[in-house]
Amino acid sequence: VTGLCWFGGIAAAAGMIFDYLENGAVAGLLGAAEPLDPVLVAQASTWTVGKSAATSVAIIVLALLLVWRGVRYWVRRQ
């Protein structure tokens, strides 16, 4: 369980880092001259996908931990 907690925490921290990088990429896109550079758009998209994946992993880990805790509580009450 401790390893799963660490894994969820690392995934959440990775999501925060990807979010920061995504914000920087979007700021660069907003300040860019027309037409937009496809490389900058692809970079922003990469950070967005990374943020979404890391956040999804963190939420799944949290849900697993809550279910595990609930089952453990229920079994002990029996």
Under the 4.5 Å side-chain heavy-atom rule for ILVMFWY, direct or indirect, which residues accompany Val26?
-> Leu30
Supply the members, apart from Leu66, of the Ile/Leu/Val/Met/Phe/Trp/Tyr cluster built from side-chain contacts under 4.5 Å; use none for a lone residue.
-> Leu62
Reported OG1-to-NZ distance for the pair Thr46 and Lys51, which is rounded to 0.5 angstrom = 13.5 Å
Closest non-hydrogen atoms of Ala54 and Gly15, given as atom of the first, atom of the second and distance, are CB-N, 3.5 Å
Between Ala58 and Ala12, the two heavy atoms sitting closest are CB-N, 3.8 Å
With sequence neighbours excluded, tell me which residues meet side-chain contact (heavy atoms from CB on, under 4.5 Å) with [X].
{"X": "Val61", "answer": "Leu4, Phe7, Val57, Leu65"}
{"X": "Ala44", "answer": "Ala25, Leu29"}
{"X": "Arg72", "answer": "Trp68, Arg69, Arg76"}
{"X": "Val75", "answer": "Val71"}

With no hydrogens and no angle check, is any side-chain donor or acceptor of Ser56 less than 3.5 Å from a backbone partner on Ser52?
-> yes
Give a yes or no on whether Leu36 and Leu40 share a hydrophobic cluster (residues Ile, Leu, Val, Met, Phe, Trp, Tyr; joining criterion: side-chain heavy atoms under 4.5 Å apart).
-> yes
